[in-house]
> 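Supplied in structure tokens, the structure appears directly below.
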Amino acid sequence: MAKQGKTTPVLDESAIPDLTPPELSRKMPKHQVVFDYLHSGIQSGTFKPGDRLPSEAELGKMFDASRITVAKAVLELQRMNLVTRRPGAGTHVQTRQQVDGHTFGLLIPELGLTEIFEPICHGMMRSPFARPDALVWGNASGMGISGSRREAAEEAEQMAQHFIARKVSGIFFAPLELIPDKDAANRRVVRMLERMKIPIVLLDRCYLPYPERSALDLVGIDNRRTGFLATEHLIQLGVRDLAFFAEEHSAPTVDARITGFHEALRRHGIRPEVEPAWRGSAQDQEFVKKVLDVTQPGGIVCANDVTAARLMQTLMALGRRIPEDVRIVGIDDVKYASLLPVPLTTMHQNCPAIGVIAMATMLERLEHPDLPTRDILVPTKLVVRRSCGAHLDK
């Protein structure tokens with residue numbers, strides 16, 4: 001039983017965790033801020049088993065929050081069996097620690113190569129739903145940007161076998177892309193895990209070609225709508241001659257973005273005389289020059305920020321000015337998007353939120369294995385910078 005005489009630990013505002021990018025943190029619901037502070041304190045040991053938590057009045061004063069807002073955060077901790085509430089005695093940290101946590105495998109071959117997956121994993125680790133659970137990181141050491149990608153499929157299968165041997169409770173899988181046999185390799189990995197009845201939550205993309213859809217839960221963004229909005233932004237700036245640029249063997253997400261690109265053109269009555277969507281290396285000057293000669297684009301929508309950054313370098317090497325000659329929009333809003341020679345206009349996706357939701361989705365799938373297959377899509381938003389030329393119209 002908790003002792004009534006225990007001293008409440010001093011509140012430390014610097015310990016408040018933040019699951020969102022700095023520019024978005026101010027929009028976090030206040031009850032979530034209170035929850036994150038208390039949850040972090042319990043997990044770190046600042047609030048020890050049996051300790052009385054600060055009162056709702058104290059928390060309300062610190063966070064400038066109402067009693068209802070604070071109570072909502074405390075009730076969530078109670079629902080997670082981390083605290084107990086007793087009338088007249090306050091709220092105390094549970095004295096019994098949960099020991100029935102799960103171990104999950106992270107099968108993400110693109111980790112370290114595609115920037116979105118690091119913050120997704122960070123979101124998983126800091127998710128309030130992952131309190132007793134552990135994440136096991138797979139190692140894909142031979143996957144450089146060039147020829148070493150040929151080993152990606154074999155390494156992904158080896159990682160899957162490793163997780164099976166570890167008897168993990170579930171696996172978060174970001175399917176392979178940018179290799180010719182990605183579809184067959186992804187199917188092999190999924191079949192291997194399904195034979196062992198290991199639950200899978202897909203991150204960012206399905207493993208089947210678009211528009212096919214697997215029977216696995218998926219957490220990501222609405223790629224079709226995102227492609228539509230990126231394209232419509234350029235159209236609203238007065239650009240009618242548009243092209244879409246993507247790498248070969250891209251993930252199904254890119255096909256969905258191309259679909260959104262075409263839908264935006266149709267919505268605004270734009271009927272290109274030649275196919276405007278191209279696949280090839282953005283670093284290949286001859287290929288890029290061919291695209292420019294054939295489509296004569298005033299604006300280019302890129303499948304992602306990596307492609308946009310490479311294309312920007314190639315265009316500048318060809319003597320094209322951005323945005324005066326060609327306007328560019330990317331998708332992802334990676335860290336370096338604002339640091340490119342011409343800061344990149346792009347569609348921001350909240351990767352930490354994807355990680356948090358993915359963890360909740362996995363735990364719910366374990367608890368309710370008969371739930372229907374779900375697509376859980378985190379909203380995206382346009383971030384306007386110089387590359388789209390919006391400033392040229394002011």
Side-chain angles (χ1 to χ4, degrees), residues 21 23-24 27 115-116 204 210 220-247 250 253-272 274-279 282 288 291-292 295-316 320-351 353 377-394:
E23 66 271 16
L24 300 179
K27 297 183 180 180
E115 190 174 316
I116 65 169
D204 181 64
Y210 181 83
I221 64 173
D222 187 338
N223 290 283
R224 184 170 164 180
R225 175 171 170 77
T226 296
F228 179 96
L229 294 175
T231 308
E232 188 172 60
H233 175 65
L234 288 175
I235 295 172
Q236 290 173 342
L237 291 175
V239 183
R240 305 285 293 181
D241 298 317
L242 290 161
F244 191 102
F245 209 101
E247 298 286 333
S250 295
T253 53
V254 172
D255 297 288
R257 293 170 187 180
I258 291 174
T259 298
F261 168 80
H262 283 294
E263 287 179 347
L265 297 184
R266 288 194 297 271
R267 172 74 64 86
H268 292 273
I270 299 174
R271 296 175 175 79
V274 297
E275 171 55 48
W278 293 71
R279 294 178 186 267
V288 172
V291 174
L292 297 176
T295 62
Q296 298 288 314
I300 299 176
V301 179
C302 292
N304 49 51
D305 289 355
V306 175
T307 299
R310 293 171 178 167
L311 181 61
M312 187 178 292
Q313 290 181 326
T314 303
L315 289 172
M316 294 172 71
R320 301 299 179 100
R321 298 172 302 161
I322 302 166
E324 291 81 1
D325 299 328
V326 182
R327 307 185 189 212
I328 297 179
V329 174
I331 296 173
D332 285 339
D333 196 21
V334 296
K335 291 178 182 178
Y336 57 78
S338 63
L339 305 176
L340 292 170
V342 181
L344 181 65
T345 293
T346 185
M347 298 295 297
H348 173 83
Q349 59 172 312
N350 190 339
C351 295
L377 306 179
V378 175
T380 58
K381 72 170 189 176
L382 181 70
V383 179
V384 178
R385 301 189 180 102
R386 286 191 60 241
S387 71
C388 69
H391 69 289
L392 297 176
D393 304 312
K394 292 182 180 180

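Hydrogens, waters and symmetry mates are skipped; everything else that's a heavy atom, side chains included, is used.
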> Can you name the residues that form a salt bridge (charged side-chain N to carboxylate O under 4.0 Å, His left out) with R321, not counting sequence neighbours?
D325

> Quick one, K381 and N350 - any side-chain contact, counting heavy atoms below 4.5 Å?
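When only atoms from C-beta onward are counted, N350 and K381 do not touch, as no gap falls below 4.5 Å.
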
> How would you list, by chain and number, every residue that makes a salt bridge (charged side-chain N to carboxylate O under 4.0 Å, His left out) with R279, sequence neighbours excluded?
D255

> Between L315 and L292, is the side chain to side chain contact (heavy atoms under 4.5 Å, CB included) condition met? List the steps.
CA-CA 9 Å; L315 289 172; L292 297 176; 3.7 Å; yes

> Just wondering, do H262 and P276 contact through their side chains at under 4.5 Å, heavy atoms?
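A side-chain contact under 4.5 Å exists here.
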
> I need the Q236 CD to L382 CG distance, nearest 0.5 Å.
9.5 Å

> Within this structure, what is the OG-CE distance for the pair S387 and M312, rounded to the nearest 0.5 Å?
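With rounding to 0.5 Å, OG (S387) is 5.0 Å from CE (M312).
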
> Would you name the heavy atoms of D305 and A337 that are closest together and state the gap between them?
OD2-CB, 4.0 Å

> If every non-hydrogen atom of C302 is compared with every non-hydrogen atom of F244, which pair is closest and at what distance?
C-CZ, 4.3 Å

> Do V334 and L344 come within less than 4.5 Å of each other through their side chains, counting heavy atoms only?
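Side chain of V334 against side chain of L344, heavy atoms only: no contact under 4.5 Å found.
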
> Side-chain contact, heavy-atom cut-off 4.5 Å: D332 with Q349?
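They are in side-chain contact.
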
> Taking C-beta and beyond as the side chain, do L229 and H233 meet within less than 4.5 Å on heavy atoms?
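L229 vs H233: side chains apart.
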
> The criterion is salt bridge (charged side-chain N to carboxylate O under 4.0 Å, His left out); which residues satisfy it with E263, sequence neighbours excluded?
R224

> Please find the pair of heavy atoms, one from A309 and one from Y336, that lie closest to each other, and give the distance.
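Result for this residue pair: CB-CE1, 4.1 Å.
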
> Is it true that T226 and N223 share a donor-acceptor pair across their side chains at a distance under 3.5 Å?
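Distance-only check fails for N223 and T226.
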
> What heavy-atom pair brings A230 and V301 nearest, and what distance separates the two atoms?
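Nearest heavy atoms, A230 then V301: CB-CG1, 4.1 Å.
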
> Find the distance between CD1 (I221) and CD1 (I331) and round it off to the nearest 0.5 Å.
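Atom-to-atom, I221:CD1 and I331:CD1 are 6.5 Å apart.
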
> Please report the interatomic distance CG(D241) to OG1(T295), rounded to the nearest 0.5 Å.
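So the gap between those two atoms works out to 8.5 Å.
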
> Can I get a per-line list of side-chain donor-acceptor pairs under 3.5 Å for residues 264-271, giving both atom names and the distance, sequence neighbours left out?
unit_1	atom_1	unit_2	atom_2	d
H268	NE2	E232	OE2	2.9

> Tell me the closest heavy-atom pair linking V239 and G298, and the distance in Å.
CG1-C, 3.7 Å

> Determine whether L242 and F261 make a side-chain contact, defined as any pair of heavy atoms from C-beta on separated by less than 4.5 Å.
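Heavy-atom side-chain distance check passes, below 4.5 Å.
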
> Is I116 close to C351 at the side-chain level, that is, under 4.5 Å between some pair of heavy atoms?
yes

> Nearest 0.5 angstrom please: I322 CD1 to R386 CZ, how far?
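The distance works out to 10.0 Å.
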
> Begin from the C-alpha positions of V288 and F245 and carry the test side chain to side chain contact (heavy atoms under 4.5 Å, CB included) through to its verdict.
CA-CA 9 Å; V288 172; F245 209 101; 4.0 Å; yes

> Between CG of N304 and CD of E247, what distance do you get to the nearest 0.5 Å?
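Rounded to the nearest 0.5 Å, the CG-CD separation comes out at 7.5 Å.
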
> Kindly indicate whether the side chain of T259, heavy atoms from C-beta on, has any atom under 4.5 Å from the side chain of Y210.
yes

> For K335, does its backbone N or O pair with a side-chain atom of E115 as donor and acceptor, under 3.5 Å?
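Judged by distance alone, yes, a pair lies under 3.5 Å.
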
> Please name all residues satisfying salt bridge (charged side-chain N to carboxylate O under 4.0 Å, His left out) with R225, sequence neighbours left out, ordered by chain then number.
none

> Who are the side-chain hydrogen bond (donor to acceptor under 3.5 Å, both in side chains) partners of D222, not counting sequence neighbours?
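Partners of D222 by the side-chain hydrogen bond (donor to acceptor under 3.5 Å, both in side chains) criterion come out as none, since no residue qualifies.
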
> What are the two closest heavy atoms between H348 and D333, and how far apart are they?
ND1-OD2, 2.9 Å

